[in-house]
Amino acid sequence: MSRKPENNNGKDEVKILAFLCNWCSYAGADLAGVSRLQYPPNVVDIRVMCSGTISPYHVLKAFQMGIDGVLIAGCHIGDCHYIKGNYMTYKRFQVIRDVLEFIGIGEDRLRLEWVSAAEGEKFAEVIREFTGQVEQAGASPLRTRWEENPANRERIRKAFKPLLP
Amino acid sequence: MINAVNSKLDAELEGRTGQKVRACYQCKKCSAGCPVAFAMDLLPHEVMKMISYGQRERLLASSTIWLCASCETCTTRCPNEIDIAGVMDGLRHIAIESGVEPSEREVGMMHRSFLGGIKLLGRTNEPFLIGGYKAMTGNLFDDMGLGAVMFFKRKIKILPRTVKNRRAVRRVFKRTRKMEV
Amino acid sequence: MTDLTFSYFPGCSQSGSAEEFGLSTEAVCRALGIELAELPDWNCCGASSAHMTDDLLSIALPGRNLAIAREEGKDMLTVCAMCYSRMKIAQARILGDEAVAREVEEVVGADPRFRGEVRHLLDVLVNDVAFPEIRKWLRLPLAGLRAVPYYGCLLVRPPEVCCCDSVENPTDLDRLLALLGVDVRPWSFKTDCCGGSLSLSRTDIVEKMVNKLLTRAEEAGANCVVTACPMCAANLEMRQKPGKLTFKVLHKLPVLYFTELLGLAMGLSGVEEWMKSHIIDPMPLMRETKLLSH
Amino acid sequence: MHNINNNNQIPQNDTLVPGTSVSSGTNASVGAVMVVGGGIGGIQASLDLVEMGYRVYLVDSGPSIGGVMGQLDKTFPTNDCSMCILSPKLVEVGSSENIELFTLSDVVGVEGEEGDFTVELRVRPRFVDPEKCTGCGICTEQCRVKVKDPYDADLKRTPLIRVPFPQAVPGVAFIDPTRCLYLLKGKCGECKEVCLADAVDFEQKERTDTLRVGSIVMAPGYRPFDARIKAEYGYGVYDNVVTSLEFERILAANGPTGGHVLRRSDGGPVRKLAFIQCVGSRDTSVGNSYCSSVCCMYATKQSLIAREHQRDIEPSIFFIDMRSYGKGFEEYYRKASREQGVRYVRCLASYAKELRPSGNILIGYTDEDGNAVEEEFDLVVLSVGIEPDAAGLAGVLGVALGEHGFVATDEFLTVKTSRPGVYACGVVEGPKDIPDTVVQASASADMASAGLGAARGELIVHVEHPPEREVVGEEPRIGAVICRCGTNIGGVVDVPAVVEYARTLPNVVFADERLYACSQDTQEWIRDIVREHGLNRLMVASCTPRTHQPLFRDTMRSAGLNKYLFEMANIREHCSWVHMNLPDEATGKSKHLVKMAVGKAALLEPLQEGVSPVTPRALVIGGGGAGMTAALRLGDAGFTTYLVEKELELGGNMRHIFRTVEGGDVGAYLEELVGKVSSHGNIELFLDSTVDVVDGYVGKFHTTLSTPGGPVEVDHGVVVVATGGVEYEPKEGEYFFGRDERVITQAELERRIHQDPGSLAGVRDVVMIQCVGSRNDENPYCSKICCTVAVKNALALKRLNPDAGVHICYRDVRTYGFAEDRYLEARERGVGFIRFDEDEPPEVKHSFGDLLLKVADRNVRGEEVSLGCDLVVLSTGVAANPDAAELGPKLKVPLSADGFFLEAHVKLRPVDFATDGVFVAGLAHYPKTIGESLTQACAAAARAESVLCKENVVTEGVVAWVDEEVCSGCRQCVRLCSYEAIDFDEERGVAVVNSALCKGCGACTAACTSGANTLLGFKQDQIYAQIEAACNPL
Ligand SMILES: Cc1cc2nc3c(=O)[nH]c(=O)nc-3n(C[C@H](O)[C@H](O)[C@H](O)COP(=O)(O)OP(=O)(O)OC[C@H]3O[C@@H](n4cnc5c(N)ncnc54)[C@H](O)[C@@H]3O)c2cc1C
Ligand SMILES: Cc1cc2nc3c(=O)[nH]c(=O)nc-3n(C[C@H](O)[C@H](O)[C@H](O)COP(=O)(O)OP(=O)(O)OC[C@H]3O[C@@H](n4cnc5c(N)ncnc54)[C@H](O)[C@@H]3O)c2cc1C
Ligand code: SF4
Ligand code: SF4
Ligand code: SF4
Ligand code: SF4
Ligand code: SF4
Ligand code: SF4
Ligand code: SF4
Ligand code: SF4
């Protein structure tokens, strides 16, 4: 994705990383595709078997690397293919949010959504909305800081070190 | 409002025309292709439905049965192979037999004068036909300009050709006719 | 070649409003060796009025003609699509149901079980005489005529009596005209009803129907309409110049019989006389296309 | 864990258990089955049979298998790309060692009987040696003689020598001999000249093969109705009138117009598009009185897809009754009409006429207000019906045809033909859609194998893959394949640019693009590049791994690599299709996704699959018709089956049904069924019992039943869910139900007709009201059977009293398939049909004690009709069994919004669940007729049998793994695992994963703070590599 600093609306061109569980959300995204629902191209995704597999480290790592927003999507509560994986996701999500707040990344950059395999439309809508929200928030402060001064990159890496395994 | 009655009208028509009126599944194809539908009060598919509701009076009084041009477009295309034009004929015949005045007065008059001409001469002759028809309807001046053109174009022959054995033709009329000519 | 002698049923129109059809038919048949012996003392077939008002009458009137034809012992030929249709239907009913036959016999006072064939001239030309034979007689290619063939209802419907190659999309007349060098325009309204039976009584309706057909003909690029039915021809001619100005478009599209064009292409005499009988004068078109000089 | 895709390959380390058939099989039976017809029906039957341990000879008269489904663009109601879901199956057939494919072949003679047939095949020459041809297509470029291409519904011309279509199987060329210059005149021979593989062989002659098989499955499909016969629509005369099959090709990206909806006359754009329904169906004038069952839905589908291609297209569908009766159909139709701009006009157009000079097509119709309307369209599609094409084959096989020329089958088991040992599936048996075809295919596999149990596995060849090459320690050498997917990807994404980019990525030693990465020839090609470039990892950027990963993994195996050394980037569903108007951004995103996948691929490791033994016993839940049938099939195949029924009596809803619509005696059949089940040596019956706790996984379930005698524990390898459905209970007072005893349900009417006809003696006027409790905002689905049931009971009433007035108030009459004949019969016998609108339902009134029904008849412009009636019968629909909500989570299987069980894939896996080893049949899945339910039960039995007949199930390599060196012994993971797959080794103080139990969710890995626990295939470094690639600029 070409990184233009500004897009037409004068908003920052943002980049979002989505973690999608294989059974529901990835399938929902597939359905959005099959249904040709159009949404902004700012999102790239990583397929995991269950949203419960996503650890806070993954999210922190992404922010450390300068991502502007992270979406975690799993099956609806009760529909988990693995019984209660998404329940753990839900609990972990609270933790991640707190940590992010602690390091100064607002909660508007992180989202948790339940998208079923039949909810192509919902998936597209979530992406549209979340992209808008992240655009509103602008480029990640971490990224802007190292884009101002490449030396900041190393500082950020160090600052994150205790947070990552 | 339709007060549906179990009238046997459908059976009567089926007997008379040999048509399975009841097979109709209301696809409306007959109405969709009918060239006169725009002028009818009941559309052909509605005629079929009204038959099954036993709406005898309404059907016999409709303009549709007189406006139907017998083009058979409906008949050739009905997926249930109903001869709709034949059903229209049947309804018209019932109307005539029951003495119901055609709701389309002019159409009725036209048939009368046409057949009157044949009964008299054995063959159709336009001046007789048009003259007779106009006398009946009172629309004396309609089409007069056209009549003059036709006269000069030799379209209208004043001296009619006739059948020699006119009695034979009259006999046919006497033995069949239900509508008074 | 097959036997081409027929009892000829001219029908009322051919001696009246469609005199040009009758004359051209006789001329063409004579030239092509089709022998026509007029059916003695024939009567009107009853046309639509009979069958619309009385089932038995609608069979008995043609029935009398069929009885005469039976005596004559030849196949019957007609050129009027209405007569053809009524005759065919009556024949089918009579031969198909002995009870009907007996009833008609009673009414007519003669045996109506005619087992010969009832034919329309178009069918005979296309299938019996056949194009190679006709081609031999052609003298004048009818270049410049852009025609839409109009079959109307009665040549094709009901399908049981259809004398053409298809009920919905017949091409017999198209092919015959093409043989004569006519530019046959493709159009889809060949068999749409023109409302002939309502022509006198509900002129208002019929004007709409005719007008629609002629608009479509003009869109198809036609400069004339060719028919094989005197009822259609009369209706299309009479109603295309409406008495009252109900339509903005005033068509002036000549309506010709296929026999007239065949006669013209074969170089027969009398063509100009036939042309004079039309309500819509075809002569300007004939002159424009240099097919006729006066 | 298994991927949700249907992986039918027999794993090599798997042994088959010979069956101990108790049915008619003789010792002499042959362990092979012939399947005639290679459409989706024949393909599915073949794959199932192989999985059940039988060799298959698959015969198709054409040059490739695939059938009509291979020509379709998308499929309703999911809009799955037809080729995308079909081609993995094509490839599977093509690569299966146990399916011998005979194309260009016809069955010309059959001798023998059930268990041992001798079949004579005539194999026409292909004129190309399939062993040598690479499908390269060079010959095609040379051939100057062009003919109409049947694959493109004759819309395009194609050279005589060609590969039938890109995904064809076998993916090799053939010569259409009809006009070949060499074969006719000895001239030309250009194709032979240019073929580098020397594959062209003009000397090939027709040959006759003789094969011995135990049974025969016929699946020769159908032909579309010849639209020329309905001459009023001008097909064949006007360019802009096309058939639905032609339109399907016009919509297809690999079709003659590249998926652009264009006018045939001038290639101009299409804005106004019309569909005319029932062309050649429901039409006695052409001799086809039945309903073709699929065209209402495919017209809706084609409308939606056309609009997807070009937003400004305005589709109109001219129809009589909208028959959206299947699972998800009504919702699809509702959405199309209410939200997606498809206009439905309830009037069968009378004609289509071409206008000059525009070439537009004029359609005449009558609108709801009775106005005669003429409207111009740019393109008109005729929804042609389905016609049988079975006479020839049926004659050779000696099976009887039914009234309409389809193969006549048993009313209750719809795949059984008149000849023992010969079965039929798919459209040859009657019009049906793909899922119903697949159900019948599996059911016919079940029946065809029933008598052959003793010969199971005898003729099976085990797949010999080349040994896996050791790659550990090697530098990663990644091959990157970017797929164009026709124009699906290539039309949006700049594929060459992505290929260029991939070449620049670390470890990528080879990158190239393919038109269809999933085609058979590409699999061949992949094996070549792996060898040529010494690849040890593969990355394919194409579509979703959810459908295609298994295919590529198989290719990896056959290329001698561990199948887990493969990674996919989804640049179609997640990119080109969702950014159709942003080609630059989509190209950029594709590069990113490729970079992420390559990043992960470099770190992939070979994984080993586990094996776990199978308990060869089955649990069937629900003792209705479906459950009993499934239990019987499994019992007959020699597997101990536990049948659990919560009531005291077997039979379910069949107990309250007396006759089928065709007049079959349900009671007698049920009695026979109950008798067989109760006395079957392999069936253990638990009445008045329910399922309490379900533990375990495919092959090894452990279930606690609660029975009158207390809890019972059973071990079994599979579960069949057949818990059925219930009659919708009208709301109190709905049409006076429950308040006036003259208002009853259809079920009650049926009971009275058969058990208490006396109570109907005084009844003169009966009104039935359809769709009670269905097709509304609360229950959006159509109950599918109630229209047919109403017609059945109306006819029964007319038989009791021909003078009775019977009126049926309906919204659409949905007597699909042959039930349409009964609808016609009902009309002819004078049953009245009155159509009402959803917003204006009939009203039942009381008038001085009399019942009065008032309804606005939409067929006559909404005029109100008033009917006096003695009986009002409510056609209440079928509702989901409320137990399902509880049972679903126990079995870890999902329900749809309507509360019915949701199968793994609506189109191609109609009896499987995403959870392995659990299958569904009957009303539990969706409302359906008895015949459909019982047939589905056979299908479920076949699928279950394919698990039970093996000694082991193979579990996936994606499981958690604990590095004992690193494990701190915190036990976080042990507590967390929902499957109790982690034990704690007290001695060594570390966690140990039981890979047979582990489902590969990875929940434990996220909890492990010491990083000891990783999910193989999704290891932390692999995910971090993806994250890094995602976050960094290109
Ligand atoms: C325009 C259109 C759109 C459709 N869209 C959908 C849709 O979206 N969703 C859906 O579910 N269904 C759809 N259908 C229906 C679908 O096509 C059928 O349900 C399905 O193809 C039936 O598969 P089959 O295997 O029975 O037959 P076929 O697909 O017809 O396959 C039959 C195979 O048998 C071969 N064969 C024929 N005769 C012989 C013989 N004598 N010997 C050997 N081989 C023979 C043929 O070559 C062919 O390969 C559609 C149908 C049409 C016409
Ligand atoms: C009102 C109605 C009318 C119908 N009319 C017709 C018709 O005229 N013609 C026709 O062809 N088809 C008709 N059907 C459909 C037909 O009944 C079914 O297709 C057929 O009976 C097969 O049903 P089944 O076995 O799938 O389900 P059911 O017949 O519903 O059987 C399910 C069984 O599972 C048992 N069960 C449910 N939950 C549990 C549980 N938790 N544990 C254990 N057991 C459980 C039930 O007690 C029942 O015995 C009708 C259906 C209904 C509801
Ligand atoms: S075409 Fe035939 S079936 Fe259709 S509405 Fe007319 S009469 Fe009924
Ligand atoms: S026959 Fe009568 S009802 Fe039928 S299409 Fe012609 S005019 Fe209409
Ligand atoms: S026949 Fe030869 S040239 Fe043709 S596709 Fe096969 S290998 Fe290529
Ligand atoms: S030999 Fe036949 S198939 Fe080959 S190129 Fe010539 S015409 Fe085509
Ligand atoms: S009603 Fe039946 S035959 Fe007609 S279009 Fe719909 S599915 Fe096809
Ligand atoms: S009555 Fe039943 S089958 Fe008929 S449309 Fe309504 S819900 Fe569907
Ligand atoms: S939690 Fe871990 S051990 Fe348990 S199923 Fe999931 S991956 Fe396997
Ligand atoms: S969570 Fe990690 S460290 Fe703790 S027991 Fe499990 S594997 Fe060992």
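This is a predicted model, so every value here is computed, not measured. In the text below, chain A, chain B and the rest are named by the order of the sequence lines, each starting its count at 1.
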Answer with side chain, backbone, both or neither: which region of C/K190 has an atom nearer than 4.5 Å to a non-hydrogen atom of chain D? neither

Quick check for you: to the nearest 0.5 Å, what is the distance between [X] atom [atom1] and [Y] atom [atom2]?
X: D/E232; Y: C/S166; atom1: CD; atom2: OG; value: 10.0 Å
X: C/N169; Y: D/Y235; atom1: CG; atom2: OH; value: 14.5 Å
X: C/E168; Y: D/I229; atom1: CD; atom2: CD1; value: 13.5 Å
X: C/F189; Y: D/R356; atom1: CZ; atom2: CZ; value: 11.0 Å
X: D/I361; Y: C/S188; atom1: CD1; atom2: OG; value: 7.0 Å

Closest heavy-atom pair, C/R216 versus D/E374, reported as atoms and distance to 0.1 Å, is NH2-OE1, 3.8 Å

Side chain, backbone, both or neither: which part of D/Y233 has a non-hydrogen atom closer than 4.5 Å to chain C? neither

D/K148 atom NZ, over 12 foreign heavy atoms within 6.0 Å: no

So, do C/D192 and D/K353 sit near enough that their side-chain heavy atoms are less than 4.5 Å apart? yes

